[in-house]
Amino acid sequence: MDKATIGTRIKYERLRLGLTLEEFGRQVGVSKQCLSGWEHGRNMPDVVALNTMAELCGIEIRDFLQAEPTENDRQRTKENEPDRFTDKERQIINKIRALSTERRKAVEVLLGVRDKK
């Protein structure tokens, strides 16, 4: 496995989701420094982290072996997103996902999708 290729793809997917190093790292369960090391090809994530990132990005683990997504990747991504969110909507969703449980509950109350408790 090529660390640089995997790192390039991790960065591509993170930016596609509109997330900062800190936000994406939080969702994966690693520090932004660790994630930066992966993106720059200094280190390589383990299989558990690759699996977590693949799930977050809606891709397969093997896709990290390609620096740029292929047309098949793009099509599969579209198929996995039946609502076809805009980039702005996807950014909002990902920012809400990255919030702590308490803050997420507060946002849900503000949006009217959760009762105050």
Side-chain angles (χ1 to χ4, degrees):
M1 291 184 171
D2 178 14
K3 289 187 221 179
T5 299
I6 292 171
T8 299
R9 185 62 184 261
I10 291 170
K11 184 174 184 177
Y12 171 88
E13 294 297 336
R14 176 180 64 79
L15 294 175
R16 183 180 62 82
L17 295 173
L19 298 173
T20 65
L21 281 168
E22 188 172 340
E23 293 165 338
F24 194 63
R26 191 177 317 127
Q27 290 186 32
V28 175
V30 299
S31 69
K32 66 181 183 179
Q33 293 83 2
C34 180
L35 186 58
S36 176
W38 296 343
E39 287 186 1
H40 287 93
R42 291 188 298 268
N43 303 305
M44 191 157 29
D46 62 21
V47 175
V48 174
L50 279 173
N51 187 55
T52 302
M53 287 185 287
E55 288 177 2
L56 287 169
C57 299
I59 63 173
E60 301 291 327
I61 290 178
R62 70 174 178 267
D63 296 332
F64 284 109
L65 302 176
Q66 303 165 347
E68 294 295 324
T70 64
E71 188 55 40
N72 286 340
D73 293 333
R74 290 185 192 100
Q75 185 60 36
R76 188 171 54 247
T77 298
K78 288 179 184 175
E79 290 169 2
N80 288 338
E81 297 175 6
D83 294 333
R84 299 200 181 169
F85 295 115
T86 65
D87 287 339
K88 186 70 168 179
E89 290 168 330
R90 195 173 292 112
Q91 287 176 348
I92 293 168
I93 290 166
N94 287 319
K95 288 196 182 276
I96 291 171
R97 285 180 179 163
L99 294 173
S100 68
T101 304
E102 291 302 314
R103 288 186 176 175
R104 188 179 306 158
K105 287 177 184 177
V107 169
E108 290 171 355
V109 169
L110 286 171
L111 294 174
V113 295
R114 176 187 282 265
D115 293 330
K116 293 181 185 178
K117 289 186 181 181

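Follow the hydrophobic side-chain contacts under 4.5 Å out from L15 and you never reach L17; the two are in separate clusters. Hydrophobic clustering, with ILVMFWY side chains joined whenever heavy atoms are under 4.5 angstrom apart, keeps V109 apart from V107. The hydrophobic cluster containing I59 also contains M44, counting ILVMFWY residues as joined when their side-chain heavy atoms lie under 4.5 angstrom apart, directly or transitively.
Listed by chain and residue number, N51 satisfy the side-chain hydrogen bond (donor to acceptor under 3.5 Å, both in side chains) test with E55 (two or more places apart in sequence, or in another chain). Remark: T101 engages K105 in a side chain to side chain contact (heavy atoms under 4.5 Å, CB included) (not counting sequence neighbours). When the side-chain hydrogen bond (donor to acceptor under 3.5 Å, both in side chains) test is applied to T20, the partners found at least two apart in sequence or on another chain are E23. Under the side chain to side chain contact (heavy atoms under 4.5 Å, CB included) criterion, K32 pairs with L21, E22, sequence neighbours left out. For the side chain to side chain contact (heavy atoms under 4.5 Å, CB included) test, no residue two or more places apart in sequence or in another chain qualifies with A106. Checked against side chain to side chain contact (heavy atoms under 4.5 Å, CB included), I92 has the following partners two or more places apart in sequence or in another chain: K88, I96.
Between the CZ atom in R103 and the NZ atom in K95 there is a gap of 13.0 Å [rounded to 0.5 Å]. Interatomic distance, L56 CG to E13 CD, rounded to the nearest 0.5 Å: 10.5 Å.
When side chains are defined from C-beta on, F24 does not count as touching N94, because their heavy atoms never get closer than 4.5 Å. Counting heavy atoms from C-beta outward, I6 and P45 have side chains that approach closer than 4.5 Å.
Between the side chain of R97 and the main chain of Q27, no donor-acceptor pair closer than 3.5 Å is present.
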Taking it one step at a time, do V28 and L35 satisfy side-chain contact (heavy atoms from CB on, under 4.5 Å)?
CA-CA 9 Å; V28 175; L35 186 58; 5.6 Å; no

Hey, mind stepping through C57 and Y12 against side-chain contact (heavy atoms from CB on, under 4.5 Å) and telling me if it holds?
CA-CA 10 Å; C57 299; Y12 171 88; over 6 Å; no

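For residues 36-49, the set of pairs meeting the salt bridge (charged side-chain N to carboxylate O under 4.0 Å, His left out) definition, not counting sequence neighbours, comprises R14-E39.
When every heavy atom of A49 is checked against every heavy atom of W38, the shortest pair comes out as CB-CH2, 3.6 Å.
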